[in-house]
Amino acid sequence: MSAKRKILVTSALPYANNSLHLGHLVEYVQTDVWVRFQRLRGHECIYVCASDAHGTPTMLRAEREGIEPEELIAWIAGEHQHDFERFRISVDNYLTTHASENEELTSRVFRKLVEGGHIGRKMIRQAYDEHRNMFLPDRYVRGTCPACGARHQYGDNCESCAATYSPLELKDPVSVVSGTKPTVRESEHLFFRLGNFEEELKAWVPDHVDPAMARKLKEWFDAGLRDWDISRDPPYFGFSIPGESGKFFYVWFDAPIGYMASFLNLCRSAGLDFEAFWGADSTVELYHFIGKDIVYFHTLFWPAVLSGAGFRKPTGVFVHGFLTISGEKISKRRGTFIRASTFVRHLDADYLRYYYASKLGPGPDDIDLNFSDLMAKVNSDLVGKLVNIASRCAGFIHRLNDGVLARELPDDALFAEFAAAADEIAADYNGRNCAAAVRRIMALADRANRYIDEKKPWIMAREDDQRDAVVAVCTQGLNLFRTLILLLKPVIPGVTGRAEQFLGGGELTWADVKEPMLGTRIEEFKALLKRVEADSVEAILSEAREDAALPTTQATRAAAGSEAGQVAQPVETAPAKLVEEIDIEHFAKMDLRVARIAAATYVKGADKLIRLRLDLGDSQRTVFAGIRSAYVPAALLGKHVVVVANLTPRKMRFGTSEGMVLAAGPGGKDIFLLSPDAGAQPGMPVT
RNA sequence: GGUGAUGUAGCUCAGCUGGUUAGAGCGGCGGAUUCAUAACCCGCAGGUCGGUGGUUCAAGUCCACCCAUCACCA
């Protein structure tokens, strides 16, 4: 193992106006696995985080709740911290950016930037809400896109034609806050002269940022680095800018300084040396884990600000992708806005940690969460393979040898094979390729199960003179299990904790991959992890749907975008609209019938369709239904459904569809076929 | 619209600097087994590697264009 490293790690700061959801956890799990791995290897690795408190969204949310912003952020940050604990995210300190340490450091940084000549002033024109007496951030103005005429677009870009513009260019602009038409006002703002750092950044980026991201940054370098507006006018929830009257720091200016502030706060309670970590000549490694949406802030503004203020720059910025659920963006409407707290109320956090880890690579690719996939993966890998090893060996040790392990391993070479693989797995973890690490570990678990299978201790156990051999084989099995548990310790700390208890050898450390456990007593085996039950998953999903039914104000919607939240997992929120009213005659034109599904097959070449053969009593017909994402053919056989029987047949590439079956839901996994209650017969009209 | 990333078996993903019949896990099918939380073990089936064109003795792997998805545009 290499010399002891000194590392400081941060995750992006969750915004303090809303709860954490499963999207946030991708990052915290990724960070925590890496941090726990470094600690397991014996390195000093400190992990800090905080809630991002400032900005217009928190101000407005507090107003809506009828409380002071300080109360709101204390409440939400407390919730965040609680979620961190429940997901076993091992932060050493958690703060909010409204803390005094942050005000102190933000002022210090600002003063240094002023002294260095890195701050300028400029008059700008901005949308203003006369009703609320406030300037409006881009996301708080909506109107008609000047490029394509699409209505209800945000003030910064058009979701319909992707044009970008300023809110002042929108046609028929409306303030999201008051619903009135904004005016335009001028105001003097302070700007950080990013251009002063162009050469320094160009030199810094290639060695500290992923090559793909560096290519992306080229776009900004090519366009020329522009000044960055770091001030805001009141009313604004933030820190006042020293020496200015009625000016506040823009949330994005003080947010990353929150990393330092959280650390400073820790220094004061733990007696650490702040300058040793943040001073210009610090040799400590500093890494930021962030999402791909906030790359610019962390690879341009942030290192420039640090440098200008006389601090060290990050050693690396690690970028991950977003979470999709069943291939779709997280969406309140689809019921996939799943709070961290909802998940953990029904399922062990380790399930999600393992699932994410099994999919996380070092790059900025999005990862997909699919609950049936999660269930299959966790049940098969963790319960069926990993825990199974201990479960199938422990009984023999207790029955035949009073719970005491053999004095030596029957197969040292196999144990050494695992130890050798541990080096490669360590490299995977260190390179943030958790998916690769997990793959290797599961291959070892397969190997361990195969070993037991080959030795067949349950057959040997029938002969009295084979008892020692059985104990030896099971001792081997349990030692392989022990190595596996150790290798997974960064990922599933809850399970490994229970396993350590069971093995009775104290806390596992990395050195244990080379040292088998022999001649000691193990505890009685108890289930280390229960299987994921479909009921729990269903409970989570239905709670999320209930959440979605709660009213969402426009302000929250705006904040769900990336105005200020550091972790701005995009959330889709367009509601399902009611269609135009019709009279009874129109409805009566529809011939709805009960049908029995007589046959159901996949359609080759169609990823959405299932071919249904429907029995309508006196006749049969074929219907292609776009329900493949939610149903398997076998589950449909014999089911009664409702079909639109007089729909004009539609020729498709795969044949003609003679009708349509009725289903509810937004699509994807969430398609729910309508069925009549028991008793309805095929062919019955639905009226 | 510009820029970057991604698109490989039903599902989730590996495939490093181009090189024999494209891999794994899950799911499916068949078999074996009963120590184990219906777990484990053996075997089989499944892919024109998003599309089109090109470079090359040889391309999933390089180039061009196109399509789709995600992100960013201070």
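The structure displayed is predicted, hence computed values, not measured ones. Sequence lines set the chain letters: A, B, ... in the order given, protein chains first and strands last, and positions in each chain run from 1. Side-chain atoms are counted along with the backbone in the values below, which use heavy atoms only and exclude waters and symmetry mates.
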Item checked: Which residue lies more 5' along RNA chain B, comparing A/Pro457 with A/Asp368 via nearest heavy atoms -> A/Asp368
Next item on the list: By nearest nucleotide on RNA chain B, pick out whichever of A/Phe525 and A/Arg215 is the more 5' one.
Entry: A/Arg215
Taking atom types as modelled, find out whether [X] and [Y] have a side-chain donor-acceptor pair closer than 3.5 angstrom.
X: A/Tyr451; Y: A/Lys455; value: no
X: A/Arg467; Y: A/Asn401; value: no
X: A/Lys216; Y: A/Thr299; value: no

Name the closest nucleotide to the [X] side chain, picking from [options].
X: A/Trp220; options: B/G2, B/C26, B/C72; result: B/C72
X: A/Lys359; options: B/A14, B/U37, B/U12; result: B/U12
X: A/Arg450; options: B/C42, B/U12, B/C26; result: B/C42
X: A/Val383; options: B/U37, B/A74, B/A71; result: B/U37
X: A/Asn388; options: B/A71, B/A39, B/G25; result: B/A39
X: A/Ala527; options: B/C70, B/U37, B/C41; result: B/U37
X: A/Phe396; options: B/A71, B/A74, B/C35; result: B/C35
X: A/Lys385; options: B/U6, B/G25, B/U33; result: B/G25
X: A/Ser380; options: B/C26, B/U6, B/U12; result: B/C26

Notebook entry, point to check: Would you say B/U34 has OP1 or OP2 under 4.0 Å from some side-chain N or O of A/Arg462?
Noted result: yes
Margin query: B/A39, OP1 or OP2 - any side-chain N/O from A/Arg531 closer than 4.0 Å?
Written below: yes
Note to self: For A/Tyr236 and A/Phe248, take the angle between the two ring planes, folded into 0 to 90°, and tell me which bin it lands in: parallel under 30, tilted 30 to 60, perpendicular over 60.
What the structure shows: tilted
For [N] and [M], measure between their [atom1] atoms and round to the nearest Å.
N: B/U6; M: B/G46; atom1: C1'; result: 24 Å
N: B/U33; M: B/C11; atom1: P; result: 35 Å
N: B/U20; M: B/G4; atom1: P; result: 31 Å
N: B/U61; M: B/U17; atom1: P; result: 12 Å
N: B/C29; M: B/A9; atom1: C1'; result: 16 Å
N: B/A59; M: B/U69; atom1: P; result: 31 Å
N: B/G47; M: B/A14; atom1: C1'; result: 15 Å
N: B/A5; M: B/C44; atom1: P; result: 39 Å

Rounded distance (Å) that lies between atom [atom2] of [N] and atom [atom1] of [X]:
X: A/Leu225; N: B/A74; atom1: CG; atom2: C1'; answer: 10 Å
X: A/Asp453; N: B/C42; atom1: CG; atom2: P; answer: 7 Å
X: A/Asp381; N: B/G25; atom1: CG; atom2: C1'; answer: 7 Å
X: A/Ile522; N: B/A36; atom1: CD1; atom2: P; answer: 14 Å
X: A/Asn449; N: B/C26; atom1: CG; atom2: P; answer: 11 Å
X: A/Arg392; N: B/A38; atom1: CZ; atom2: P; answer: 13 Å
X: A/Asp293; N: B/G4; atom1: CG; atom2: P; answer: 19 Å
X: A/Lys218; N: B/C73; atom1: NZ; atom2: C1'; answer: 16 Å

Contact class for [X] vs. all strands (heavy atom < 4.0 Å): base, sugar-phosphate, or nothing?
X: A/Gly224; answer: base
X: A/Ile389; answer: nothing
X: A/Gly395; answer: nothing
X: A/Val295; answer: nothing
X: A/Leu529; answer: base

Note to self: As a check on the pairing definition, encode RNA chain B in dot-bracket form, counting Watson-Crick and G-U wobble pairs whose two distances are under 3.5 Å, and using | for partners outside this strand.
What the structure shows: (((((((..((((.....[...)))).((((.........)))).....(((((..]....)))))))))))).
Check: Ion pair present between A/Glu454 and A/Arg450, side-chain N to carboxylate O less than 4.0 angstrom?
Finding: no
Item checked: B/G18, syn or anti by chi within 90 degrees of zero -> anti
Note to self: I'd like to know if the side chain of A/Thr483 and the backbone of A/Asn479 have a donor-acceptor N/O pair within less than 3.5 Å.
What the structure shows: yes
Item checked: Aromatic ring proximity A/Phe197/A/His118, centre distance under 6.0 Å -> yes
Note to self: I need the minimum non-hydrogen distance between A/Pro137 and A/Thr56, along with the two atoms involved.
What the structure shows: CG-OG1, 3.6 Å
Note to self: Atom CD of residue position A/Glu169 - does it have more than 12 heavy atoms of other residues, nucleotides or ligands inside 6.0 Å?
What the structure shows: yes
Checklist line | Heavy-atom neighbours of A/Lys218 NZ exceed 12 at 6.0 Å | finding: no
Margin query: With a 3.5 Å cut-off and heavy atoms only, can you find an N or O donor on one side and an acceptor on the other between the side chain of A/Lys216 and the base of B/U3?
Written below: yes
